[in-house]
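Letters A, B, ... are given to chains in the order of the sequence lines, protein chains preceding strands, and every chain is numbered from 1. As a basis for the values below, the full set of heavy atoms in this structure was taken, side chains included, without hydrogen atoms, waters or symmetry mates.
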Amino acid sequence: MNYKKIFPVLLLLLCANLFALQAQINRTTQTIIADVLAQMPAGNQADYTKQLGDLASTGEEGVLALAKMLKAPGQGSNASVEYALSGLANYVSGLKDASVKQTAVNAFQKALDAASAPETKAFLQDCLRTLGIGYQPVASASNALPKVNKNSPVHLRIAALQADILKTVNNKEKYDILFIGTMMLPVEKDKEKELTAKVLSALKDPSIEYRNAALNFASPFAGKDTYVGLAKALRKAKPEVKTDLLNWFGRESKLPAKSDLIKNLEIRFDLPLRQVLYDELKNKDPEVRKAAAWALVKIGDSTSIPVLASLLTEKDNPTIKLGKETLASFKGDVAPAVARIISQATDAGKIAAVELLAQRKASAHINTILELTKSGSPDVKKAAYTALKDVVAEKDFTLICGMLETADETTIAPLQQAVITAVSFMDAKEKVATVTRRMLVAGESKKYLYYIVLASIGDDSVPTLVSGFKQGTGAAREEAFNALLAWKDASVADELFAICKDASAPTYFDRALAAYVKLVSNPSITGENRLLSLRKAMEIARTNDQKKAILRQIRNAGTYLSLLYAGEFLDNKALQQEAASAVKDIALNHEEYTGANVKELLTKAAAVLDNPDAAYERQSIKTHLDKIPDEAGFVSIFNGKDLTGWKGLVENPIIRAKMKPDQLAKAQIKADEQMRKDWKVTSDGLLMFDGSGFDNLCTVKQYGDFEMYVDWLLDPSGKEADAGIYLRGTPQVQIWDTARVKAGAQVGSGGLYNNQINPSKPLKVADNKLGEWNTLYIKMIGDRVTVYLNGELVTDNVILENYWDRKQPIFPVEQLELQAHGSKVYYRNIYVKELKRPEPFTLSAEEKKEGYKILFDGTNMFEWTGNTADYTLKEDGTITLMPSHGSGGNLYTKDEYANFSFRFDFLLTPAANNGVGIRTPLEGDAAYVGMEIQILDYEDPVYANITPYQVHGSVYGIIPAKKGFLKPLGEWNTEEILAEGDHIKVTLNGNVIVDGNIREATKNGTPDHQEHPGLFNKTGHIGFLGHGSEVKFRNIRIKVLK
Amino acid sequence: MQTNRRDFLKTLGGVALFTVVPRHVMGKGFIAPSDQLTKGIIGTGQMGRGHVNYAGTRLVAVCDVDKSHLELGKNLVTDKIAAYHDFRQLINDPNVDIVHIATPPHWHGIMSVEAAKAGKDIWCEKPMTRTIGEGKRVMEAMKQYGRMFRLNTWFRFEDSFYGMNTTVKPIKKLVQSGLLGWPLKVTISKHTGFDWKFYWVGKEYLEPQSIPSELDYDLWLGPAPYKPYNIHRTHQTFRGYWDYDGGGLGDMGQHYIDPVQYFLGKDNTSPIKVEVDAPQQHPDAVGTWRSITFTYDDGCQIVLWGGDYGDPNTPYIAGPNGNVYKNFVCDIPNWEKKLADYPEPEPQNADFTECVRTRQPFALNERNAFRSATIVNMGAIALRLNRTLEFDPAKLEFVNDEAANRLINQPMRSPWII
């Protein structure tokens, strides 16, 4: 499709309303219902509005027809009809147009009258209720006072009191606000007096429930007089009543409508409410003191801060604690008041004060804290040192460093923390330099004190710490180690692993391993790499607790190989619970992990699970197992013991195919002998190439479409480390040492190295360090290859070219090979999952005889050029244009054709638009620089107004096609385009829809009044012309005519 | 005349002590069984049975409409306890102080109101109620009868907070300080560490099945519309049906949203708008959704993203001056230092038995829990109607949308009323 054609479509979309109307006139109610049902449930609001708008336009007829389709329970699913009808009721209920609503109501009522099954009736009644018919809310009896529970004397009395209060304030009409609102219900002055009197009398009641119910109920009506009255009563009340009242005053002051009133409340002209509360801070009853202090916090008047601070100078610990907690929650600057009372406080009070200053990061009071570091009390001293990290500023760096370098053992750690804070405020570029300078000042014997500071900065100081660990002794070595443990990111993981393996440092093993496991389990690392590192940890772990911790992280890694690896521990009594939950969680979170080994591991996991939830876990495993399709899935093709299933390499696939069977058999015996020399299985179950030649290891089995996993490790000892995976006997997914810049290896492994036309380099470098394991995942569909290296996409659906004969496509089936390239390499975890694919298309005997040639048989796109990325080969053996890949683009035959019969199948999606360009150059708009045979789902309403020479099959703009022979959407169409000189004939599903002569058709000018300069081209390419719609093609063949 | 057990204790005061073994004889720290608050659990499925472990109270009664669940409930403790089929019997049992409601949500409203009428305090599972109207009625009942209510989610006070890996307290402090600016947008999604549990979806078609003999299906349905029995409607999978709950949103909504409401300081109000982006919902079976966005009158937003939807790099809290990401990572340099002048959030009353004794509201009570349940229910209504709705937080009704307002107070099957 070209840009000129876009215009009418755009216009159609812009005038959607007009054309929708047009479309509806053209479509019968039955068609609309069928269309709507096919698209229920709507995937998004735009579709929803469109579909239900269409349905609404059918009026009564649509509703009645749909309602008739409702089956009684047990007769099958009503889902799409239920979506349509309930959707219609919901949709119409939101429209402003009353007449549409009324039509729907009438229709649903008629449908209800006609319905017989009670469940059908109930469903239609629901739809009617949505539209407001027959709706009777049962909830919310909020206009009446409660019926009381006569069995409960307190509740009888509460209800009576509430009725009494309501009678007093006569505000029943605002009942809702009373219960849900947070606002006031102001009452008249004299009524408020009555209310106050009632609450006061309620407060004399011995029942705490009664008192509090009365206070809560009175809240919305309470105004200034009530508060004054209750505050006066508070002064004289019993302790338990004081507590109720103080808590209540606190809650009231948090109500936005009340807060100012309470904050400024005066009981008398010289007695503010807060003074009453201050007095209660001295009450003998701790509950009263507590309630008073918290009420002050809630009221939040900053003049209360010094009063609360004075609590810190009390002798008893609960009061000091109360002071500390209330000040911590007090809004405003509490530090000056706290600093002021420190000298009068006991040790406990001093500690609380120091902790408060730390909490508020009170740098202005650092001197107060420094003073206390000299305290005679060890506890005070400790608290002061601990607080330093919270109150230091950048300017204090030198001072704190001085203290650190002369510190005793007990104060080193807090002073280091203080240095870390001071450094954190510095300019990022200055941090390491400043600390390094200070280390020089401190000298050899003290520089280790700053290792932990370096760790807090990160950056490039790992080598300093590593050499500090290796060369240091005693405290210095310990500090370097702790600094490595404190390091922020995974860059020290290898160092920690080295420490684990260092036999001369056994005391560090447990801590180093725990830190290593934590670092390599970071979710920012791919699951594949997490598993590789965790396997290393597992291999050196010593205790069951360590192994359990590793298995828990393997569960989080979540990859297929993680599942299999965890499964290896199901038989280990000590570890099987962790292993089982890893297997369960990974499998249940990844429905794509199918196959016999997954099923087997899940079944085993279900059997060993033993925890309080095990019954439920077993149930969910069972549900999951039932969902797993019955297929082999990934199958291990290397048994870890010998070379069963493998053979030596004989020549290449093309030569092999030409060899006679006995000749090949002989060569195979020789190749197998060589294989046994070169390829070994190590004692720990790895597959190793240890030869010097280039004799690949080959699978006995041949593979078509497949997915595969393989772990590989290049031995760093040799020169020019190199390997690869041959796919269908063809080189190769590249594996090499990225340091080999001369060979171009800096691009990384995982590319299709021998490609010349299609991409050969990986998308990114995802290799692990030389000498470490790597995980490859390869997927091959037809001639397309996708590769993930260590969890990163490096080759994205790229065509693999045939290295052995570039004039032919990749072999449809062939063996897999592990490449030998003269350098030592190890493999493990080799799993292959064979993917089902349709049989390749073959010509009928008749077509073969006639001389047809296949251009696409479902296995490769070798005959094609142009946008081979958007037109992709899919598992179903089709060329599919994927609209998500962009606007589309064109796909052309590599060869040119003049006169021909071109046959193909195609499958449309709703409103799909494409076209077959013929006799066209590779550049330009084929409809004009060549000729276009239209492909279009012209029955879609958006195309209601197109011209006859735009419908499917027409020679675009030149010769119209007959309508009415497209198969319904979802079914494949077959088509033949015959081009013989000026004669063009198009046959769709056996019906000739175009049979014309382009010269005759244009003798009076082109029917579309456009220039078609390429119309009479003698020859050119054949192409599919995309316009962003998903369209599928298959079984493409051509016969060249003389 | 029957009397409430605790009234009885209080009335007799010290005398009661002499009728049981004096406390000092039992040793320090021992609470005589007769002094301890008691509880009864309605609904002894998996969730309800877990309630036996909530400390501070002694289990004296259980209730379930499924005989096999009731049997499991009876065996929760070694003592012989009362076992009821009908919740009204448990509610009126004078030995029960606190009623734990662990039924599917379509029962929460009625049971809470009935328990309040009977003078019980209430510990109710989330979501508080499945309609806004029932929630309102529960709120009224608590005030009318002077009862204490606690919603069973912990994230507002003590539990570490899913994707944030901290309790809500430091988040509250940061948000309260205003350092992030205002208004804030909070995104609750897989990318910020939350899972909307889309496996709680219903089936659009259920083959009618015969009702198991151990289940009283009529009483299980209670106020819900009658629909033919199928096992998938009940027990562990009921969340997939609008009649009883609201899928993953119903299950996790209040867990995830309530702490957000708390740290945004929205306990006394509700959003004024809800927008949805979702596939059309089936009238019976709950489906999935892509996003639900709630907007408050000051511009603050709570955004829910279902499944994998949305930008993976999105912050949990986004403000004009800074963001908070998963695992409580704030991108404002030295933010902790900048919070120096800001107070710690006030401690909350997080011990329900203490609240029952002192009659001070629990931290997550019927009033603020009603507001967070209302957010969940607004989302469910917007999903079911598949359109943007506006809401009046004071009147508690939708603006200019009668159909939405009809979902505020949904009909109940006779004879049930609230």
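For chain B, the nearby parts of A:E82 are the backbone and the side chain; heavy atoms of each come within less than 4.5 Å. Using a 4.5 Å cut-off between heavy atoms, A:Q75 contacts chain B through its backbone alone, with no side-chain atom that close. For A:K96, no part sits under 4.5 Å from any heavy atom of chain B, backbone or side chain. Proximity to chain B involves both the backbone and the side chain of A:N44, based on heavy atoms less than 4.5 angstrom apart. At a 4.5 Å heavy-atom cutoff, the contact between B:N405 and chain A is made by backbone atoms alone. For A:Y135, the part sitting under 4.5 Å from any heavy atom of chain B is the side chain, from C-beta outward, and nothing else. For A:F123, the part lying near chain B is the side chain, with the backbone staying farther off; criterion is any non-hydrogen pair under 4.5 Å. For chain B, the nearby parts of A:S329 are the backbone and the side chain; heavy atoms of each come within less than 4.5 Å. Residue B:P345 touches chain A through its backbone alone, counting heavy-atom pairs closer than 4.5 Å. When heavy atoms are compared at a cutoff of 4.5 Å, A:A42 approaches chain B by way of both its backbone and its side chain. If you measure heavy-atom distances from B:Q236 to chain A, the contacts under 4.5 Å come from the side chain alone. The parts of B:V276 that come within reach of chain A are both its backbone and its side chain, each placing non-hydrogen atoms under 4.5 angstrom from that chain. Neither the backbone nor the side chain of A:D47 comes within less than 4.5 Å of any heavy atom of chain B. Residue B:N386 touches chain A through both its backbone and its side chain, counting heavy-atom pairs closer than 4.5 Å. Only the side chain of B:Y226 comes within contact range of chain A, judged by heavy atoms closer than 4.5 Å. Only the side chain of A:K254 comes within contact range of chain B, with heavy atoms under 4.5 Å apart.
Each of B:N400, B:L339, B:D277, B:N334 has some count of heavy-atom pairs under 4.5 Å with chain A, and the biggest count is that of B:N334. Put simply, of A:S80, A:A213, A:C127, A:P41, the one with the most heavy-atom pairs under 4.5 Å next to chain B is A:P41. Of the listed residues (B:A285, B:P347, B:G109), the one with the most heavy-atom contacts under 4.5 Å to chain A is B:P347. If you tally non-hydrogen atom pairs under 4.5 Å between each of A:T49, A:N247, A:L85, A:D333 and chain B, the highest count goes to A:N247.
Crowding of B:K190 atom NZ: a count of heavy atoms from other residues, nucleotides or ligands under 6.0 Å not exceeding 12. For NZ of A:K321, the number of neighbouring non-hydrogen atoms (other residues, nucleotides, ligands) closer than 6.0 Å is 12 at most. The number of heavy-atom neighbours closer than 6.0 Å to NZ of A:K71, taken from other residues, nucleotides and ligands shown, is above 12. Atom NZ of A:K290 has 12 or fewer heavy atoms from other residues, nucleotides or ligands within 6.0 Å. Counting heavy-atom neighbours within 6.0 Å of B:E207 CD, excluding the residue itself, gives a total above 12. Under a cut-off of 6.0 angstrom, the local environment of CD in B:E402 is sparse, with at most 12 non-hydrogen atoms contributed by other residues, nucleotides or ligands. Within a 6.0 Å radius of NZ in B:K203, other residues, nucleotides and ligands contribute 12 heavy atoms or fewer.
Judged purely by distance below 3.5 Å, without hydrogens or angles, the side chains of A:T130 and B:R384 never pair a donor atom with an acceptor atom. Remark: the A:R251 side chain and the B:Q360 side chain contain an N/O donor-acceptor pair separated by less than 3.5 Å. There is no side-chain donor-acceptor pair under 3.5 Å between A:T421 and B:K337.
Side-chain contact between B:R387 and A:S93 is present, with heavy atoms from C-beta onward closer than 4.5 Å. Counting only heavy atoms from C-beta outward, the side chains of B:R406 and A:R129 never approach each other to under 4.5 Å. Side chains of B:Q280 and A:L52 form a contact here, defined as non-hydrogen atoms less than 4.5 Å apart.
Interatomic distance, CD of B:Q281 versus OG of A:S86, reported as 10.0 Å (0.5 Å rounding). Here the straight-line distance linking atom CD of B:E346 with atom NZ of A:K331 works out to 10.0 Å at 0.5 Å rounding. In this structure, the separation between CZ on A:F330 and CD on B:E344 is 14.5 Å, given to the nearest 0.5 Å. Expressed to the nearest 0.5 Å, how far CG of A:D126 lies from CG of B:D284 amounts to 9.5 Å. Note that CZ of B:R359 is 13.0 Å distant from CG of A:L215, once rounded to the nearest 0.5 Å.
The nearest pair of heavy atoms linking A:I208 to B:T358 is CD1-O, 3.5 Å.
Taking B:W242 as the reference, nothing meets the ring pair (Phe, Tyr, Trp, His ring centres under 6.0 Å) condition, with sequence neighbours excluded.
The backbone N or O of A:G76 lies less than 3.5 Å from a partner atom in the side chain of B:Y205, making a donor-acceptor pair.
A salt bridge is absent between B:E336 and A:K361: the closest approach of a Lys/Arg side-chain nitrogen to an acidic carboxylate oxygen does not fall below 4.0 angstrom.
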